[in-house]
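Just so we're on the same page: letters track the sequence lines, and every chain starts at 1.
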Amino acid sequence: MPDLQITATVNGREVTRAVKPWHRLLDFLREDLGLTGTKEGCGAGECGTCSVFVDGVLIKSCLMPVAKAQGTRIDTVEALGRRQFTAVQKAFKKAGASQCGFCIPGMVMAATAALRDSPRADREEIRERLGGNICRCTGYQKIVDAIELARDVLLGLKPESVFDEETTADGHYTGRNVGRIDAPSKVTGALKYAGDMVMPGMLHAQVLRSPHAHARILSIDTSAAKAMPGVEAVVTCDDVPGVDNYGVFVSDQPVLARGKVRFVGDAVAAVAAVDLVTARRALAAIRVDYEPLPAVFSAEEARRPGAPVVHDYAPNNVTKHIPVRVGDVEKGFAESDLIVERVYETQPVEHAYLEPEAGLAYVDPDDVVTIWSPSQNITHHRHMLARILARPINKVRMIMSPVGGGFGGKEDMIYQGILALLAIETKQPVRLVFTREESMAVSAKRHPSRTRLKMGVTRDGLIRAVEYEMVCDGGAYGLSTEGVMRKAAILGAGPYRVPNLKLDTWGIYTNNTPSGAFRSFGGLQAQFATESHLDVVAEMLGLDPFEIRRINAMRVGTATHTKQELKSASLLEVLEAAAKASGWDTGAPTSRGAVRGDLFGPGNRVPLAPGSRVDLRMPAEAGEVK
Amino acid sequence: MLTCDDYLTPTTLAAAFDAIERNAGRHRLIAGGTDLLSWAREGRAGDVHVPVLIDVTRIPELCERRVGAERVRFGAATPIARFLDDRALAAAVPSMAFSADWFACGQIREQATVGGNLVNASPAGDAIPPLLAQSAEVELAARVDGEIRLRRLPLSDFLVSSGRTRLGENEILTAIECDALPGRGAAYEKVGHRRSLVISVVCLAVVVELDASRRRFADVRLALGGVGPVARRLHAVEDFLKGGPIDRERLEAAAEMPLDFVQSRSRRAYRREVVRGFVVRGLVNALKRADVADGVVEPELEAVYA
């Protein structure tokens, strides 16, 4: 394989490197030149974390073969604001546009391009011009705010002083626009995430994953992979020195599949090799014999007698059942004027943080296994890992690298154990960076739920009884399911006084991708059911939806369904503020009639081509000289 | 991940054929690379090794652009963005300008090429309906016995089915020629999950020309994509529209005509509804851009569809 000799002017300096012919411009920048401000969020041109200028034109460096960069001028985020931040960088910092920061170098580049190409771009045009860059934290408002701020300063419509921080000299921070202390490192691309880190002699890890949802592993043959030049280690569950059974709430997970695989994507074996390509080719050389087993793909099926069993310790596939009992629901229903029963379902949701999972592990000279990763739970991971590795706790060190978006998705330890095994085996630093596809396939999802809710109310809207059963698909391993079921049980019946309650939440094992922590941790699914149900009941009673909530609201002194006496309760104020802020039109949901008359009328449609750039005038007509 | 042993960047057509002949059967042509690199990933083709990649974007014949009075010629390696910012090209190929506005995102428009979009032959390829509407032909080059030979095919014949074209194994798509239609009203209607970086669920290109009264079509062209294996011109709808006055009844009747072309494997009922709306909306938008006489497009029709 002849290397390509690439010469380009990168950030103002001419560089020449011999590179692999298949390398992308992104690999050239990150691996060959160490310019890690340019990120890889997806590798497929979707996310824009890799945006750079080539000959002044913004492109996605993950889709550009490096050969195309021959003789070009390339500018990366590192070229911006070397001595002083650019207006765009200052504006991102001021507006609070950087949160996890992983999309921010690309966003700063795209914003720079947008204002260079169209200095007067309005909000809609800015949004369209940034359409190739994805952010998962901000909802884009702060980012677009920042670009508008930068535009106004660059046009001289606002003074530079708008970038100044608000003073907190008086020691008060609440209500002030205080700059994030990590914003400078994010708007410059200087911040190193785990996948940006390198160490001398570092190896690259890849993980072989199960193609089956449920199968017995008959044998694993790693000999051919181990024999490949450049392969330093291949590990399986046989290489785990300690107790290979861990989990946040329930210990049900091996570091690498032991005996059987339980979902498509379950880790089976892992390789450390001198480079990524060798590691991937080694994976292809590992032979695994599987005996497929009947699999179960929904919580409903998994609860049926005779369903395939995912874990032997749980023959009925129940990960966790949380019951809550208050009063007597039958009595409550007997006292009700109206009983309404409905079923509510929610789907699995991917966290889709822009930073795919990544980690770097090594064994330090004092024999301390050290792992850098964007773990959201390092202390717990450290304890689990000490047990897995059969080491005292002071010989295991977890270092939390910057988290490029987590939302709960990085709470579970799904690869740090694999990295530790490879580092111990090779005595060399080992880095693993998930692909976007791998991240989506194997990271935990929000629990899909199915809730049957039966509510009894009096004619004037007072809740007398609630029977509530939520069944969640927890997937192949326990992860955070138990905690999610607890939270769902505590919050399930909502912030409402329910004198008679029979509530059950069930986390169920299936052969689907595991479910885990995700913002609100079970509260969302629970409240989707209860709040939707209150709207249904309000409509049936001819009550205003706010009113039915006010009638039943918990107040100071109310005991919650799990017997916590409330010393403060702000629901009534929240409802009032929400009604006011939304311009609520008081009345029952049916008061406008069966069909909303304000839709589809003239003047009511938003144009569907925001930020259109089409201009068919010839240069002379457009008043330009080309 | 896509790997190769060699990545060649010929700068003449002859050098490109030398490379093809030297590596016959072991090569693959690459233009912008935006489809190829994202294809060689898990869940699609997986890891792909192509011994020799031959980059065609530095061959002059594939980069030229000539706007004539009757026909427009542009090289296959023309980036999509040129249909927006090369004013002469945008004016002559207006349906491509409106399509380019919806193509991927600003960055990929700079990288992806028009020829790549045609060769990739996705049922939802955004360059295909506009070029069908502008009666495009493709020019294919091959070297036989040391001599470069060109052949031409209408784009509608070039596209065979999803992902398949009539491009021969050792042929290069060099250029595209299509009708020059400056001053026409054009539109490109597209729906996907969001504004940028989406595959068209339905897309429709429209080009109209009015007669002197500005109340009747002198010419009308429609091409529909995203709803079957290959995008297609809607000749019957065009003929129907040319035969009568422009009014709500006829536009809505025209919108009923192509519904049976929806052959997608998923969301058929939804796509049929979208096609119905898009035909009217595309015509209304194109008519407005063609400076249709006042009152021909009723405000209510515009409010409902456009």
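A cation-pi contact links B/Arg28 to B/Trp39, judged by a cut-off of 6.0 Å to the six-membered ring centre and 45° from its axis. Seen from the ring of B/Phe83, B/Arg65 does not count as a face-on cation partner, given the 6.0 Å and 45° thresholds. A cation-pi arrangement is not found for B/Arg281 relative to B/Phe278, the charged atom failing to lie both closer than 6.0 Å to the ring centre and inside a 45° cone about the ring normal.
Between the side chains of B/Glu42 and A/Thr435, a donor-acceptor pair is found at a separation under 3.5 Å.
Using a 4.5 Å cut-off between heavy atoms, A/Ile59 touches chain B through backbone and side chain atoms alike. Heavy atoms of B/Leu8 lying under 4.5 Å from chain A are absent altogether. Only the side chain of B/Glu110 comes within contact range of chain A, with at least one heavy atom under 4.5 Å from a heavy atom of that chain. Only the side chain of B/Ile108 comes within contact range of chain A, with at least one heavy atom under 4.5 Å from a heavy atom of that chain. No part of B/Arg289 comes within reach of chain A, as not one of its non-hydrogen atoms sits under 4.5 angstrom from that chain. Proximity to chain B (any heavy atom under 4.5 Å) is restricted, for A/Arg24, to the side chain, taken from C-beta onward. When heavy atoms are compared at a cutoff of 4.5 Å, B/Thr9 approaches chain A solely by way of its side chain, counted from C-beta outward. Neither the backbone nor the side chain of A/Leu130 comes within contact range of chain B, judged by heavy atoms closer than 4.5 Å.
When side chains are defined from C-beta on, A/Asp75 does not count as touching A/Val52, because their heavy atoms never get closer than 4.5 Å.
Taking chain A as the reference chain and counting heavy-atom pairs below 4.5 Å, the highest number among B/Glu302, B/Arg109, B/Glu189 is found for B/Arg109. Interface check for chain B: of the options A/Ala114, A/Cys42, A/Gly131, the most heavy-atom pairs under 4.5 Å are formed by A/Gly131. Your options are A/Arg436, A/His23, A/Arg280, and the one with the most heavy-atom pairs under 4.5 Å with chain B is A/Arg280. The residue among A/Arg129, A/Lys68, A/Glu46 with the most heavy atom pairs within less than 4.5 Å of chain B is A/Lys68. Here B/Leu197 is the residue among B/Asp35, B/Leu84, B/Leu197 with the most heavy-atom pairs under 4.5 Å with chain A.
The pair B/Asp47-B/Arg41 fails the salt-bridge criterion, with no side-chain N (NZ, NE, NH1 or NH2) lying under 4.0 Å from an Asp/Glu carboxylate O.
The side chain to side chain contact (heavy atoms under 4.5 Å, CB included) check on A/Ala273 picks up A/Val231, A/Val271, A/Thr278, A/Ala279, with sequence neighbours excluded.
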Could you walk me through whether A/Arg17 and A/Phe28 pass side chain to side chain contact (heavy atoms under 4.5 Å, CB included), step by step? CA-CA 9 Å; A/Arg17 292 285 188 283; A/Phe28 178 63; 3.8 Å; yes

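The distance from the CE atom of A/Met228 to the CG atom of A/Leu283 is 9.5 Å, given to the nearest 0.5 Å.
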